[in-house]
**Student:** 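Below you'll find the structure I mean.
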Amino acid sequence: MEENISGNKHPASKTVHSGEIRKVPFGDSDVELNKNVQKCYNAKEKSYICEICGVGFNCCSLLTIHTRVHTKEKPYACEVCNKAFSKISILKTHLLSHSEEKPYTCEACGKSFTQKGHFESHLRIHSKEKLYTCELCGKAFYYGSSLKTHLLTHSKEKPYTCKVCGKSFTQKGHFESHVRIHSNEKPYTCEVCSKAYYYKNNLKSHLLRHSTEKSKICEICSKAFTEIIDLKRHFRIHAEEGPHVCKVCGKAFDLSCSLRSHLLTHRKERHHVCEVCSKRYLRSGDLKNHLLTHSKERPYICVICSKAFTGRGILTRHFRVHTKEKPYSCHVCSKAFSQISNLKRHLIIHS
């Protein structure tokens, strides 16, 4: 499809979109295109009107480019990966991702970028400058895209809906990750043991299992952990009382979700019933774990010895056999245990 860049006027209705994707070499013709487009921007008269949305433009070239918003046409394709774009300028920027050229380098941390916009956004992290502020709640963000995503939380708009289960999402990335659960696609694979994951973050956490590096240090007892979540879990041992207190029995918890789960124990109703043996449970999660005992399914597999388990918690406890990790320490004598039940039995000695 050829773009009219001469400035000759013709009705918008006569614009033809062939849908053909072409791989464009860069040269003098692109410079001429940019010059003509710039002339269009400088012109005052907007005689070219989009028949779909009514927006006016100064010349035919701008109208042609704009029309692709509606037609989803992407005539410029990358010669390396065949990814297509609606504008040649976007293609030029994309081509930098295939080269090692990163002309914009941060003096603070040394990180390099292919695009000036990404570089300038990154600099705000060091300066703590958050230019994008939510008018509803005052929360500020480094990136405009982050603010757009945040605004959806106020509107409760969830534009991405799963066709399989009907669950909706505010972000496209979260939606695409969710869809993999139904298709059983696990694109993130560990190069050490070949275990695959739905999410990139899960793979990152898993890779720490193969690493001997323990960079997360407890400030109280100096015990080291590979993951921050393990450090946070360990830190609760040092806290004598959590901020979330049960009004019925006075028991305290570190997390509000733990308190909510605990409150169920004071209820007599057990709404979650096993269809196999009629055993009743307070929580749906407990019922799900119980149902595995009726089946031969053991979905949680140890990456070291390949032993399989019915529950994630059981696998976590088993894994400590290999790591020799003992996250539960006695606050009286500092003796450590791999399981909290063992610590509770030990505390009886001091009482």
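Keep in mind that this is a model prediction, so the values were computed, not measured.
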**Student:** Atom OG1 in T133, atom NE2 in H150: separation rounded to 0.5 Å?
**Tutor:** 10.0 Å

**Student:** Restricting to non-hydrogen atoms, name the atom on Y132 and the atom on L147 that form the minimum distance, rounded to 0.1 Å.
**Tutor:** CB-CD2, 3.8 Å

**Student:** Once the angle between the rings of H346 and F337 is folded into 0 to 90°, is it parallel (under 30°), tilted (30 to 60°) or perpendicular (over 60°)?
**Tutor:**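 It falls in the tilted class, 30° to 60°.
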
**Student:** Counting neighbours of NZ on K158 that are heavy atoms of other residues, nucleotides or ligands and sit closer than 6.0 Å, is the number greater than 12?
**Tutor:** no

**Student:** Do L203 and V192 sit in the same hydrophobic cluster, where Ile, Leu, Val, Met, Phe, Trp and Tyr count as joined when their side-chain heavy atoms come under 4.5 Å apart?
**Tutor:**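 L203 and V192: separate clusters.
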
**Student:** How long is the straight-line distance from SG of C302 back to CZ of F319, given to the nearest 0.5 Å?
**Tutor:** 5.5 Å

**Student:** Nearest heavy-atom pair of A308 and I301: which atoms, and what distance?
**Tutor:**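 That closest heavy-atom pairing would be CB-CG1, 4.1 Å.
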
**Student:** Test side chain to side chain contact (heavy atoms under 4.5 Å, CB included) on T64 and F57 and set out the steps.
**Tutor:** CA-CA 10 Å; T64 301; F57 297 91; over 6 Å; no

**Student:** How close do E73 and S86 get, counting heavy atoms only, and between which atoms?
**Tutor:**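 Nearest pair, atom of E73 first, then S86: O-CB, 3.7 Å.
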
**Student:** Does CD in E135 sit with more than 12 non-hydrogen atoms of other residues, nucleotides or ligands closer than 6.0 Å?
**Tutor:** no

**Student:** CG of L131 to CD of E120: how many Å apart, nearest 0.5 Å?
**Tutor:** 10.5 Å

**Student:** Kindly compute the distance separating CZ (F85) from CG (L95), expressed to the nearest 0.5 Å.
**Tutor:**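 Rounded to the nearest 0.5 Å, the CZ-CG separation comes out at 7.5 Å.
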
**Student:** What are the two closest heavy atoms between C109 and H126, and how far apart are they?
**Tutor:** SG-NE2, 3.5 Å

**Student:** Quick one: NE2 on H178 to OG on S183, what's the gap to the nearest 0.5 Å?
**Tutor:** 10.0 Å

**Student:** Provide the closest heavy-atom pair for C277 versus H294 in the form atom of the first, atom of the second, distance.
**Tutor:**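 Shortest heavy-atom separation between C277 and H294 comes out as SG-NE2, 3.5 Å.
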
**Student:** How about H118: does its NE2 atom have over 12 heavy atoms from other parts shown lying under 6.0 Å from it?
**Tutor:**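 No - once you tally the heavy atoms of other residues, nucleotides and ligands closer than 6.0 Å, there are 12 at most.
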
**Student:** When clusters are formed from ILVMFWY side-chain contacts under 4.5 Å, directly or step by step, what else is grouped with L287?
**Tutor:**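 Noted: L287 shares its cluster with Y281, L291.
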
**Student:** So which atom in T161 and which in S168 form the shortest heavy-atom distance, rounded to 0.1 Å?
**Tutor:**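 Where T161 meets S168 most closely, the heavy atoms are OG1-OG, 3.0 Å.
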
**Student:** Nearest 0.5 Å, please: how far is CG in N342 from CG in L347?
**Tutor:** 11.0 Å

**Student:** Apply the test side chain to side chain contact (heavy atoms under 4.5 Å, CB included) to residues E129 and Y142: give CA-CA distance (whole Å), side-chain angles for both, the deciding distance (0.1 Å), then the verdict.
**Tutor:** CA-CA 7 Å; E129 182 183 9; Y142 293 115; 5.8 Å; no

**Student:** For E107, look at atom CD and say whether over 12 heavy atoms of other residues, nucleotides or ligands are found less than 6.0 Å away.
**Tutor:** no

**Student:** Please determine if K102 forms a cation-pi arrangement with F113, meaning its NZ or CZ atom is less than 6.0 Å from the six-membered ring centre and no more than 45° off the ring axis.
**Tutor:** no

**Student:** Shared ILVMFWY cluster between V179 and Y160, side chains joined below 4.5 angstrom?
**Tutor:** yes

**Student:** State yes or no: do Y76 and I90 share one hydrophobic cluster built from I, L, V, M, F, W and Y residues joined by side-chain heavy-atom distances below 4.5 Å, directly or via other members?
**Tutor:**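 Linked within one cluster.
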
